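Residue numbering restarts at 1 for every chain, and letters A, B, ... go by the order of the sequence lines. As the structure is a computational prediction, the values presented were derived from the model and not from experiment.
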There are 4 protein chains.
Amino acid sequence: MQQFASDNYAGMCPEALAYLEKANGGHVPAYGEDPYTEEVCERFREIFKHDCEVFFVFNGTAANSLALSTYCKPYHSVICSEFAHIETDECGAPEFFSHGSKILTAAGEQGRLGYEGIASVVHKRSDVHYPKPKVVSVTQATELGTVYDVNQLRNVQRAAQDFDLKIHMDGARFANALAELKATPAEITHEVGVDVLCLGGTKNGLAVGDAVIFFNRDDAAEFDYRCKQSGQLASKMRFISAQWLGILENDAWLKYGEHANNCAIQLESELKKIDELELLFPRQANSVFVNLPEHVRNGLAAKGWRFYTFIGAGGVRLMCSWNTQPESITNFIRDLKGLL
Amino acid sequence: MQQFASDNYAGMCPEALAYLEKANGGHVPAYGEDPYTEEVCERFREIFKHDCEVFFVFNGTAANSLALSTYCKPYHSVICSEFAHIETDECGAPEFFSHGSKILTAAGEQGRLGYEGIASVVHKRSDVHYPKPKVVSVTQATELGTVYDVNQLRNVQRAAQDFDLKIHMDGARFANALAELKATPAEITHEVGVDVLCLGGTKNGLAVGDAVIFFNRDDAAEFDYRCKQSGQLASKMRFISAQWLGILENDAWLKYGEHANNCAIQLESELKKIDELELLFPRQANSVFVNLPEHVRNGLAAKGWRFYTFIGAGGVRLMCSWNTQPESITNFIRDLKGLL
Amino acid sequence: MQQFASDNYAGMCPEALAYLEKANGGHVPAYGEDPYTEEVCERFREIFKHDCEVFFVFNGTAANSLALSTYCKPYHSVICSEFAHIETDECGAPEFFSHGSKILTAAGEQGRLGYEGIASVVHKRSDVHYPKPKVVSVTQATELGTVYDVNQLRNVQRAAQDFDLKIHMDGARFANALAELKATPAEITHEVGVDVLCLGGTKNGLAVGDAVIFFNRDDAAEFDYRCKQSGQLASKMRFISAQWLGILENDAWLKYGEHANNCAIQLESELKKIDELELLFPRQANSVFVNLPEHVRNGLAAKGWRFYTFIGAGGVRLMCSWNTQPESITNFIRDLKGLL
Amino acid sequence: MQQFASDNYAGMCPEALAYLEKANGGHVPAYGEDPYTEEVCERFREIFKHDCEVFFVFNGTAANSLALSTYCKPYHSVICSEFAHIETDECGAPEFFSHGSKILTAAGEQGRLGYEGIASVVHKRSDVHYPKPKVVSVTQATELGTVYDVNQLRNVQRAAQDFDLKIHMDGARFANALAELKATPAEITHEVGVDVLCLGGTKNGLAVGDAVIFFNRDDAAEFDYRCKQSGQLASKMRFISAQWLGILENDAWLKYGEHANNCAIQLESELKKIDELELLFPRQANSVFVNLPEHVRNGLAAKGWRFYTFIGAGGVRLMCSWNTQPESITNFIRDLKGLL
């Protein structure tokens, strides 16, 4: 039974699996000195139209935490939305990897940060008794299923420039944002001042393995040591990089992002037709947030549906994935209507 | 071209790949709440004949560091061989995860720790100005290609009891040790006082994923939080646990361990026939250490052979893997002889 | 010119200085194995009517952070008021010492935590993706100049019992709270479930040196190592412990706490007479919070008065100390009135 | 009874006490914004003939650890002598503050590091599986009672330049080294490439408080945050800085360093006259190392003498302090002779 709980419930996409199988032949050097890793890094440089440095780690928590700890000394702080994954769902990983950097949440709209929210956190304190802001972190697409358009990213960039902050982008669902925005990867990253992008592979159809992409090579110095020391250097790295080769080829990653978005559009459209329900945020990526009465939530659970009751914003999150099937949506809506 | 540099150069074994493919059907819950993970944990409890707690992490560095940090507060220390991977090849990961625990190396023979070596480190200091020993760490098979037999492990156990230490076993090549000893997993772990085993999957034929096995359930309390916070909780955990199911079925893991050992036996046998060469340690697992003159090392490298020049003990390490082929050995010996 | 900015602006009280001078004779063992330290620990056991373990560290930030890190593993969290010093004024020290424990702020009234506030934080999450609450921290007197009475502390205790939390008390101004409550030290600490008290010495008239008092001896095991490793073990410890002997003798510490409170009472009384001003919280310890118009704040600053504009709650904090003089209050009120 | 166990057994020198008393008048700003702190920083700049940045922390362990963590990321390493205090007597503090940096010990002579020892550690490894050397740490005077002369420091500087290392000097007994060398502070610090000096105050006659002196202002950026977060920012800082003013005035610090050295000279001279005894290292500062038979050590202990049996080098360390009295030496020698 397909689910709307998380895009982590889906398996590997065929392209990733095929490349993993293909990479399995013969002996190759370990720790990233294999030809697959070299090739995929080159591909990323083409895709981002930039001489970026690319590293592969095992998951998004590690990607975000390691990227942040590159910029943050223990007495620094990171500004993000109160809904940001680094604040709400990483069990203190950024604090752990950075050895104490504090996460400071800023107000924003629909999961996004804006200039004013960032400014108000920065202006709150400027003495040694409080951690010094060093990075602003944006999630693209956001945890509320919205995306930052280029103008909104430029506002973040302006704040970062004014307050001497680095920009970290949590791109766990970057492909979904790209699909929505019809933008190029460059336009929503280094061209708007993003210093480092944590690019999610797992939610995009891989079994394991996210990428950390530094747009300034100096920032990436010694990041290989950082990965190794924190248990994030894969010995058989080819099995991660090959999967990436699979989904980058023929733009499969974008195709899957678009597919998941389209499923969410269909789901939203069906939900909107139901008068009793209230949708919480504008759908812009692959998730829909809706308020469901308790008996409906329980009824759906009894029928085997799993979903997250969204922390801190109320309602239920319905997440579509790279392989969500139309009939799953139909079935879900049918079961839902039957409970109203 | 097959290599003797590292067992990490080999790919996935067929059993692991087959199970990974099999696990790819459908949506399943993330973060280890899937049926594959449940099943493989049960299999481990059967294999070890013990009600152990099992966790999966991404690699051996993380497994060792997280296991050690479970027992060690920052002011504690870990006693190990000077050749131990945690001392020589993890870039300070144990210190990083434990927030400062010091690694104290003890003298031993052929890569093993004995009672006297442990005792002499413990007796060196007992004041607050020096980290307090808390764990003794043994590697099975050792980094020098030897193994601890049951009696040798009992000596370690006796030291651990006398000095109030926990026992950590780095089992990156545990299957090779089992194959050599003709022992059961229980006999060389919890029956000789091992508290936690870090069981290597990668070197045993997986693409990624080592297991941490606690033999005392109390020690495992909240280890799931520890994994999550340190970026070691796989969202699509099924792709790790399924691979384990593959190699545990029909004792494939032991079969591969034995195969690698047999290749090392053959390699050692051929090397012994060459008068000019000196073998460094008794072969007991899947590696052979030999002194090679510089021009021979360079000549082999020129022909495309890769191997490690072993740090701290001199000579060259030749490592066989789950899929080393007899003709690779033949070719290597032929090329080597041609250079003498 | 005396100030109302902080009780840290005042110097050493005569009793502390006299004992420091007295302790200066001769050679004594270092690191706390001197007779002064032994004696003062015994005195604390009498004062608290409890077989407690006492340690001395250099300041309150270290005391709080080390006490919290005793209970918290990196993936744990600490619940406190949004105004708590550990949240607002220690630059991430608790996160640093604990290697990542997150501070979770709970709603409360007038700087205090209550059962409901604690419960709502605990109930917010119970999955491994969010740090697990382990300690509730109360400040006595609070950062808003209020105190917890015994009943209010019992509510905290009830929550701690219900949710399996340890209780940490930041007693930077513990003597002021005692003076206000007319309670014994035992009644507001171990008798209401406090596990560890960080007892401020600096604000009470010492030059340097706060005490960490564990009411359960097991909790204190190896705390000496923790202090040493974190740079908080004084080599010439006698110079801290002797100062404590000075202020504990003849209840000087309580006398000074009462004096500071009385000054705040006088200050509050004078401010209340000024119609234009609004007092922010009920005065219960040695500080008064008042809203002052900007031109008044600037005018007072121009006359040399220093004070904190209180972060996060508005207004100005006026803090009295162990040696605040009545004429300072008179002068301040006179200057203030002249500006209205 | 005076002792030769540690220069920490001695109290405060009169100059430090007098200035502490003098600084006790009136209210002054906290956290180092007082006039005493400003003045003493200026004095240091004169003494070192350099525009250095000066910070005060509570002890040498913190000074060393914070200075090292300024340069070291967690995956870096520090090269020092096997006898260095940071390796042997700080309970893992450097690893704790730096979040995992490894201490690598290099061979040297009589407690000093030389070019070859540093080079051999650097050349041992250069891959990401081992921490990257970043700092070389020298102790002046060394833990074996010897000093580095200018030429020996230049050798260290040459190694630091060749291998891109920063130079940290642990100056717990810097005044003793100065007295021995008849050098200026500048000549044995920034003029030979020292980047940061941790200058011991406690062993030089203070009650508490060591200085961290950065010779490159850029290195000191945000060090105030680092001190605050790690519990090393004194609220009543004047009581540390005033003591320093006391001992810097009229070169009291140097006078005391010389006095302690002279006592050690006398002690060495007396010990040399005793045929049965073997002196271990050339005396160059304020300590003497001698082999004493077990019954003599026990006999001296029975008479109330305390001293350290030196870890790792054998023998007994006899340490003279700023206030060692000639009759103490006479008495010690008399008791010692009586036991032979």
Exercise. So do B:Val57 and A:Phe58 actually touch side chain to side chain, heavy atoms under 4.5 Å?
Worked result: no
For this session: Give, as side chain, backbone, both or neither, the part of B:Leu20 having an atom under 4.5 angstrom from any heavy atom of chain A.
Result: side chain
For this session: Taking all heavy atoms of B:Lys228 and all of A:Glu90, pick out the closest pair and write down the distance.
Result: CE-CA, 3.7 Å
Problem set entry | Under 4.5 Å from any heavy atom of chain A - which part of B:Asp210 | neither
Exercise. Any idea which heavy atoms bring A:Gly231 and B:Thr61 closest together, and the distance?
Worked result: CA-CG2, 4.1 Å
Seminar exercise, completed: When the 4.5 angstrom heavy-atom criterion is applied to A:Ile240 and chain B, the contacting part is neither
Problem set entry | Proximity breakdown for B:Phe239 and chain A, heavy-atom pairs closer than 4.5 Å | side chain
Exercise. Side chain, backbone, both or neither: which part of B:Glu95 has a heavy atom under 4.5 Å from chain A?
Worked result: neither
Exercise. Under 3.5 Å, side chain of A:Lys236 to main-chain N/O of B:Val208, donor-acceptor pair present?
Worked result: no
For this session: Identify which part of B:Gln325 has an atom lying under 4.5 Å from any heavy atom of chain A, answering side chain, backbone, both or neither.
Result: neither
Problem set entry | When B:Gln3, B:Arg238, B:Gln229 are compared by non-hydrogen pairs under 4.5 Å with chain A, the top option | B:Gln229
Seminar exercise, completed: Ranked by heavy-atom pairs below 4.5 Å to chain B, first place among A:Ala234, A:Ser321, A:Ala23, A:Ser235 goes to A:Ser235
Exercise. So which of A:Gly60, A:Gly11, A:Gly92 has the biggest tally of heavy-atom pairs under 4.5 Å with chain B?
Worked result: A:Gly11
For this session: Check whether any side-chain N or O of B:Arg306 sits under 3.5 Å from a backbone N or O of A:Val28 as a donor-acceptor pair, and report yes or no.
Result: no
Exercise. Taking atom CD of A:Glu38 as the centre, does the number of heavy atoms from other residues, nucleotides or ligands within less than 6.0 Å exceed 12?
Worked result: no
Problem set entry | Separation of B:Phe97 CZ from A:Phe97 CZ (nearest 0.5 Å) | 5.5 Å
Problem set entry | Pick from B:Pro29, B:Pro94, B:Ala93, B:Ala30 with the largest number of heavy-atom pairs that fall under 4.5 Å of chain A | B:Pro29
Exercise. Measuring heavy-atom distances to chain A, does B:Ser6 have an atom under 4.5 Å in its side chain, in its backbone, in both, or in neither?
Worked result: neither
Exercise. Non-hydrogen atoms of chain A under 4.5 Å away: do they reach the side chain of B:Ala5, the backbone, both or neither?
Worked result: neither
Problem set entry | Side-chain heavy-atom pair A:His99, B:His99 within 4.5 angstrom cut-off | yes
Exercise. Using non-hydrogen atoms only, which part of A:Met12 is less than 4.5 Å away from chain B: side chain, backbone, both, or neither?
Worked result: both
Seminar exercise, completed: For A:His27 and B:Gln2, the nearest pair of non-hydrogen atoms, with its separation, is NE2-NE2, 3.3 Å
For this session: Could you tell me which of B:Gly25, B:Gly26, B:Ala207, B:Ala62 has the largest number of non-hydrogen atom pairs under 4.5 Å with chain A?
Result: B:Ala207
Problem set entry | Under 4.5 Å from a heavy atom of chain B, the part of A:Ser230 involved | both
Exercise. Is a donor on one side and an acceptor on the other found under 3.5 Å between the side chain of B:Asn59 and the backbone of A:Leu233?
Worked result: yes
Seminar exercise, completed: If one checks every heavy atom of B:Ser65 against chain A at 4.5 Å, the contacting part turns out to be neither
For this session: With a 4.5 angstrom heavy-atom cut-off, could you sort out which part of B:Met1 is near chain A: side chain, backbone, both or neither?
Result: backbone
